[in-house]
Amino acid sequence: MRLLEQRILKEGKAYSEDILRVDTFINHQVDPELMHKCAREFASHFRGQGITKVVTIESSGISPAVLTALEMGIPLVILKKQPSKVLNDNLFQTMVTSFTKGTNYELTLSKDVIGENDHVLIIDDFLANGEAVTGAVRLLRMAHATVAGVGILIEKSFQPGREKLMDAGFEVYSLARIASMAKDSITFE
Ligand code: G4P
């Protein structure tokens, strides 16, 4: 999506070959108009597939995901990174390792919000190694839901996330695909 690519070129900061900072429009400050346009693009791409819910992983996926859910007229489910004390005995959980941040967390889904009749669109801000989305898929399988596809704002195509998800049979629709980065230079696919 040209608009997102232009914004990345204008305001994104490639601090290294691996990490792109987008704190002024996605990760810290959010540009709601840009997120709404991205959401419309996801909604129009995935429309007509019988999708019942949008699912995202907290926290930066929430803004594009809630607007996509609004556009599609369906609920949003936010996968939590820590089990809620009040929901504890009614949860699916799976461990996710974040290579970028060097952390592990328990991704958590309440049994009350996703079930076997759900056909889900997963939305997230970044696709790097695909660990977060793969964890989300594990939880959705525990709930016997099916996955329609994965919508991503920024894919780092030089990392293995897309390949991993495509090998598992999922469609990955990314609005900006970064082929390579170096300090202060970004190249799209
Ligand atoms: P993966 O899910 O694709 O495997 O990615 P990985 O574990 O390597 O990255 C985990 C976290 O780091 C995710 O955020 C992801 O959005 C973020 N991330 C990965 N690459 C970049 C990057 O180049 N720039 C920025 N700004 N973030 C990146 P998270 O831990 O889920 O936290 P949150 O930001 O959603 O709260």
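In listed order, ligands and their atoms are each counted from 1.
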Closest heavy-atom pair, Ala179 versus Phe158, reported as atoms and distance to 0.1 Å, is O-CD2, 3.4 Å
Any N or O on Arg21 sitting closer than 3.5 Å to an N or O of ligand 1?
-> no
inquiry  = Can you confirm, on distance only, whether ligand 1 has an N/O atom lying under 3.5 Å from any N/O atom belonging to Gly130?
reply    = yes
Tell me if the CD atom of Glu189 is crowded by more than 12 foreign heavy atoms within 6.0 Å.
yes
Could you tell me if Glu155 and Ser157 have a donor-acceptor pair between their side chains, going purely by distance under 3.5 Å? yes
Worksheet item: How far apart are the C-alpha atoms of Thr56 and Ile122, what are their side-chain angles, what is the distance that settles it, and do they pass the side chain to side chain contact (heavy atoms under 4.5 Å, CB included) test?
Response: CA-CA 6 Å; Thr56 193; Ile122 300 173; over 6 Å; no
To atom 35 (O) of ligand 1, the nearest of Gly135, Ser98, Ser60, Gly161 on a heavy-atom basis is Ser60
If we count only N and O atoms by modelled type, under 3.5 Å, do the side chains of Glu11 and Thr24 hold a donor and an acceptor together?
yes
Under 4.0 Å from one or more heavy atoms of Asp18, ligand 1 contributes atoms 23 (O)
Check: Thr146/His119 side-chain N/O donor and acceptor closer than 3.5 Å: yes
So is Ala132 polar-close to ligand 1, meaning N/O to N/O under 3.5 Å?
yes
With the threshold set at 4.0 Å, does a side-chain nitrogen-carboxylate oxygen contact exist between Asp23 and Lys13? no
Check: Can Lys164 and Glu131 be counted as an ion pair, charged N to O under 4.0 angstrom?
Finding: yes
Per-atom filter on ligand 1: closer than 4.0 angstrom to a heavy atom of Phe99 are 7 (O), 8 (O)
Could you label the plane-to-plane angle of the His45 and Tyr173 rings as parallel, tilted or perpendicular, counting under 30° as parallel and over 60° as perpendicular?
parallel
Original post:
For ligand 1, is Lys81 a contact, meaning one of its heavy atoms is under 4.0 Å away?
Top reply: yes
Requested in this report: Decide whether an N or O pair under 3.5 Å exists between Lys156 and ligand 1.
Outcome: yes
- Query: With a 4.0 Å cut-off on heavy atoms, does Asn27 reach ligand 1?
  - Reply: yes
Ligand 1 to Asn129, heavy atom cutoff 4.0 Å, flagged ligand atoms 1 (P), 3 (O), 4 (O), 5 (O), 8 (O)
Quick check on atom 13 (C) of ligand 1 - does any protein heavy atom sit closer than 4.0 Å to it?
no
So the atoms of ligand 1 within less than 4.0 Å of a heavy atom of Ile19 turn out to be 23 (O)
Point to revise | Close N or O approach (Ala128, ligand 1; < 3.5 Å) | key: yes
### Message
If I apply the N/O under 3.5 Å rule, does Leu127 come out as touching ligand 1?
### Response
no
